[in-house]
A.B. asks: 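Below is one structure. I have some questions about it.
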Amino acid sequence: MSTHRSERRDDHHRPRFHVRPPTGYVNDPNGPLLDGGTFHLYFQHVLDTPRVGPVHWGHATSPDLVSWTLHPHALTPGPGTPDEGGCWSGNTVRVDDRVYAFYSAFTRGDRFQPVRRAESADGFVFTDSTAMVAPPGPDEEPVQFRDPFVWHHHGRWCMVVGAGLGGDLAQARLYESTDLSDWAYVGPFAGRPRTDHGTADDTGIMWECPQYAPLGEWGVLLVGAWHPDHGIMRVLVLAGRDGANALTDPGRARQADHGPNFYAPSVLRDPTGRILVWGWATEGRDTAATIEADWSGMLTLPRVLTVTETGEPRWHPPAELVGLRAERVDRVEGPLSAAHVVDGVPAQFELELRLTAPSQDHPATRVRLVTAGGDADAEQPEQLTLAVDWSAGTVVLDRDAASRDERSHRGTFTMEDAVVSTGTDGRSVDLRLLVDGSVGELFSATGQVLTTRFYPSGAPPWTLQVDPGGAVDGEVTVWRLRSTVGSAAG
């Protein structure tokens with residue numbers, strides 16, 4: 001996929017079971033497709049990490065959501081064509097014997113990226129790119145326009161495109177078609193004036209990468225909040241009633257992921273009706289560090305999106321991810337009354353944490369991934385910390401001390417509603433943390449998720465320390481996870 005130098009095998013930050021090519025810059029996942037029993041996953045790929053070249057669509061396939069094979073680019077910018085600046089985000093659909101890719105044709109300096117369509121017989125190479133949708137007219141004071149998402153809805157083909165209009169109005173615009181060729185503008189599918197300026201709930205001045213998932217009577221819209229001063233911000237989820245021409249009565253926009261490193265969602269409905277969502281795991285370190293490493297970005301693991309009876313979104317790891325487990329490193333069960341230590345933790349591991357505290361007033365339980373010891377100049381060890389706050393019902397991830405490299409980003413992040421009542425005064429928590437070198441994806445059994453990046457200077461094996469904060473019951477299990485991403489022969 002790249003003519004750059006081969007990957008460094010001694011780079012313990014590099015992922016081994018998250019999808020990305022050996023070198024270059026990776027961002028948005030695009031158009032996941034299940035075709036003939038094979039999952040196809042596309043993604044934005046620039047061959048060089050400084051991002052001098054245009055965006056291509058990278059391509060990986062899997063039979064099981066666990067093992068992935070990288071292939072040559074599926075969609076390549078054409079010199080002298082409208083997409084010569086890059087084939088940017090979109091999605092795919094299969095109709096009869098063709099797979100259609102809808103995407104934004106990028107022109108540098110242009111705020112409007114027209115939608116184009118390419119086609120393929122097998123999903124491996126797309127050709128015959130043609131124009132589909134023009135940007136909104138100047139009377140609407142458009143600010144930005146990009147990123148189509150196409151799906152079959154209420155008897156016809158629908159497309160939402162991310163936009164920002166005058167007055168800081170973020171919007172997903174709806175188009176319809178009977179043949180995937182001629183598209184007519186219907187109106188705003190959903191929109192919201194900017195709210196919560198400068199906070200974690202800032203809705204931005206435009207929405208990119210809109211994705212829609214009907215789930216029974218409910219409809220869930222995922223969007224990336226964007227602002228010209230801040231760039232990408234966060235993924236928002238809006239849940240409302242599934243209407244033919246609009247998302248009806250959506251509730252408040254809320255964060256889809258409680259961490260700092262999840263963006264650009266991409267949706268696939270499998271034949272069982274399950275909604276799978278991938279995202280871009282953003283870097284969490286300065287650009288200079290990515291250029292030095294010669295790689296940047298990866299795709300998250302898939303996560304399953306559901307809604308409660310009241311339309312509350314929930315996120316869980318798909319059952320297939322158990323297939324990542326190679327062997328158990330350690331397990332402790334029963335009452336924990338003193339700190340427990342697990343040695344020999346590899347760079348690719350899963351932590352299962354199921355604990356019950358006797359009361360909500362129990363002191364916090366902390367789990368520390370220690371990656372380098374203290375020294376004369378820094379007594380605190382290099383560590384990533386999870387803290388279960390039994391009283392507040394939250395789990396807090398702290399990466400302030402997770403790396404001694406000053407180019408690594410810091411911060412603490414809170415997962416709400418992760419702790420549940422046991423029916424008495426007790427409290428319980430059920431967590432799964434999957435770590436792949438420099439990325440951690442934390443899932444709670446209550447349906448919350450938190451994605452973070454961190455860059456330990458200390459090479460594995462690492463040490464896991466569990467400080468229960470007093471007597472708690474339950475089990476702690478650490479698994480070594482397999483390396484599952486490889487390139488196709490030739």
A.B. asks: Would you call the rings of His40 and Tyr42 parallel, tilted or perpendicular if under 30° counts as parallel and over 60° as perpendicular?
C.D. replies: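 It falls in the parallel class, under 30°.
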A.B. asks: Taking Tyr103 as the fixed residue, which of Asn91, Asn30, Asp83 is the one that meets the side-chain hydrogen bond (donor to acceptor under 3.5 Å, both in side chains) rule?
C.D. replies: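 Single side-chain hydrogen bond (donor to acceptor under 3.5 Å, both in side chains) partner of Tyr103 among Asn91, Asn30, Asp83: Asp83.
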A.B. asks: Taking the side chain as C-beta and beyond, is there a heavy-atom pair between Val161 and Val115 under 4.5 Å?
C.D. replies: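 Yes, close enough: below the 4.5 Å cut-off.
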A.B. asks: Start with the C-alpha gap between Leu397 and Thr412, add the side-chain angles, then the distance that decides, and say whether side chain to side chain contact (heavy atoms under 4.5 Å, CB included) holds.
C.D. replies: CA-CA 6 Å; Leu397 183 143; Thr412 59; over 6 Å; no
A.B. asks: Under 4.0 Å between a side-chain nitrogen and a carboxylate oxygen: does that hold for Arg432 and Glu441?
C.D. replies: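 No.
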A.B. asks: Between Ser104 and Pro148, which heavy-atom pair has the shortest distance, and what is it?
C.D. replies: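 Where Ser104 meets Pro148 most closely, the heavy atoms are OG-CD, 3.6 Å.
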A.B. asks: Just do the side chain to side chain donor-acceptor pair (under 3.5 Å) check on Asn27 and Gln44 with the steps written out, would you?
C.D. replies: CA-CA 5 Å; Asn27 56 322; Gln44 302 282 274; 4.8 Å; no
A.B. asks: Can you confirm if the NZ or CZ of Arg410 lies within 45° of the ring axis of Phe454 and under 6.0 Å from the centre of its six-membered ring?
C.D. replies: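 Ring-cation test returns no.
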A.B. asks: Check the side chains of His59 and His73 for a donor-acceptor pair under 3.5 angstrom, ignoring hydrogens and angles.
C.D. replies: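 Note: His73 and His59 side chains miss the donor-acceptor criterion.
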A.B. asks: Whether the Asp257 and Thr451 side chains hold a donor-acceptor pair (N or O, under 3.5 Å, no angle test) is what I'd like checked.
C.D. replies: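 There is such a pair (donor and acceptor under 3.5 Å, judged by atom type) between the side chains of Asp257 and Thr451.
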A.B. asks: Could you pull out the closest heavy-atom pair between Ser62 and Ser67, with the gap in Å?
C.D. replies: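 Between these two residues, the closest heavy atoms are OG-O, 2.7 Å.
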A.B. asks: Quick check with a 6.0 Å cut-off and a 45 degree axis cone: is Arg173 positioned over the face of Tyr185's six-membered ring?
C.D. replies: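 Pair Arg173/Tyr185 counts as cation-pi.
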A.B. asks: Would Arg325 and Trp479 count as a cation-pi pair here, with the cationic atom under 6.0 angstrom from the ring centre and within 45° of the axis?
C.D. replies: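 Yes, Arg325 lies over the aromatic ring of Trp479.
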A.B. asks: When you compare the side chains of Asn261 and Thr282, does any donor N or O come within less than 3.5 Å of an acceptor on the partner?
C.D. replies: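 Their side chains do contain a donor-acceptor pair, which is all the 3.5 Å distance test asks for.
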A.B. asks: Looking only at heavy atoms, which two atoms of Arg274 and Pro318 are closest? And how far apart?
C.D. replies: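 Result for this residue pair: NH1-CB, 3.8 Å.
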A.B. asks: Does the side chain to side chain contact (heavy atoms under 4.5 Å, CB included) test come out yes or no for His13 and Arg453, once each step is laid out?
C.D. replies: CA-CA 10 Å; His13 299 147; Arg453 300 293 303 278; over 6 Å; no
A.B. asks: Apply side chain to side chain donor-acceptor pair (under 3.5 Å) to residues His197 and Asp202 and explain how you reach the verdict.
C.D. replies: CA-CA 5 Å; His197 295 51; Asp202 192 329; 5.6 Å; no
A.B. asks: May I ask you to check whether His71 and Phe124 place their ring centers less than 6.0 Å from one another?
C.D. replies: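 When the ring centroids of His71 and Phe124 are compared, they turn out to be within the sub-6.0 Å range.
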A.B. asks: Side chains of Thr452 and Arg399, heavy atoms from C-beta outward: is any pair under 4.5 Å?
C.D. replies: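 A side-chain contact under 4.5 Å exists here.
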A.B. asks: Using a distance-only test with no angle check, is there a side-chain donor-acceptor pair under 3.5 angstrom linking Tyr25 and Glu283?
C.D. replies: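 On atom types as modelled, these side chains do not qualify, holding no pair under 3.5 Å.
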A.B. asks: Around Asp179, counting heavy atoms of other residues, nucleotides and ligands shown, do more than 12 lie under 6.0 Å from its CG?
C.D. replies: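 Check passes, neighbour count above 12.
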A.B. asks: Sequence neighbours excluded, which residues qualify as ring pair (Phe, Tyr, Trp, His ring centres under 6.0 Å) partners of Tyr212?
C.D. replies: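 Only Trp151, His153, Phe189 meet the ring pair (Phe, Tyr, Trp, His ring centres under 6.0 Å) criterion with Tyr212.
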A.B. asks: If you measure from the Lys or Arg side-chain nitrogens to the Asp or Glu carboxylate oxygens, is any gap between Arg254 and Glu416 under 4.0 Å?
C.D. replies: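 Looking at Arg254 and Glu416, the cut-off is not met.
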A.B. asks: One thing to verify: whether Arg94 and Asp35 come together as a salt bridge, which I'm taking to mean a side-chain N less than 4.0 angstrom from a carboxylate O.
C.D. replies: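 Yes.
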A.B. asks: Regarding Asp389 and Ser391, do their side chains bring together a donor and an acceptor under 3.5 Å, going by distance alone?
C.D. replies: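 Distance-only check fails for Asp389 and Ser391.
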A.B. asks: List the atom of Val160, the atom of Ala172, and the distance in Å for their closest heavy-atom pair.
C.D. replies: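 Taking Val160 first and Ala172 second, the nearest heavy atoms are CB-CB, 4.5 Å.
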A.B. asks: Looking at Arg117 and Asp128, does any basic side-chain N land under 4.0 Å from a carboxylate oxygen?
C.D. replies: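 Salt bridge: no.
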A.B. asks: Show the nearest heavy-atom pair for residues Ser89 and Asp28, with the distance to one decimal.
C.D. replies: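 Residues Ser89 and Asp28, closest heavy atoms: OG-OD2, 2.6 Å.
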A.B. asks: Just so I know, are the side chains of Leu321 and Leu301 near enough to count as touching, which here means a heavy-atom distance under 4.5 Å?
C.D. replies: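 Side chain of Leu321 against side chain of Leu301, heavy atoms only: contact under 4.5 Å found.
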A.B. asks: Do Glu475 and Thr477 make a side-chain contact, defined as non-hydrogen atoms from C-beta onward lying under 4.5 Å apart?
C.D. replies: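 Result yes, sub-4.5 Å side-chain heavy-atom pair found.
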A.B. asks: Name all pairs fulfilling the side chain to side chain donor-acceptor pair (under 3.5 Å) condition that reach into residues 213-241, sequence neighbours left out, sorted by first residue then second.
C.D. replies: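 Sorted result for residues 213-241: Arg194-His227, Glu217-Arg241.
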A.B. asks: Given 3.5 Å as the limit, does a donor-acceptor pair link the side chain of Thr92 with the main chain of Gly31, or not?
C.D. replies: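 At least one qualifying donor-acceptor pair exists.
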A.B. asks: In the structure I gave you, are the side-chain heavy atoms of Val235 and Gln255 within less than 4.5 Å of one another anywhere?
C.D. replies: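 Val235 vs Gln255: side chains apart.
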A.B. asks: Heavy atoms only: give me the nearest Thr38-Thr61 pair and the separation to one decimal.
C.D. replies: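 Nearest heavy atoms, Thr38 then Thr61: CG2-CB, 3.8 Å.
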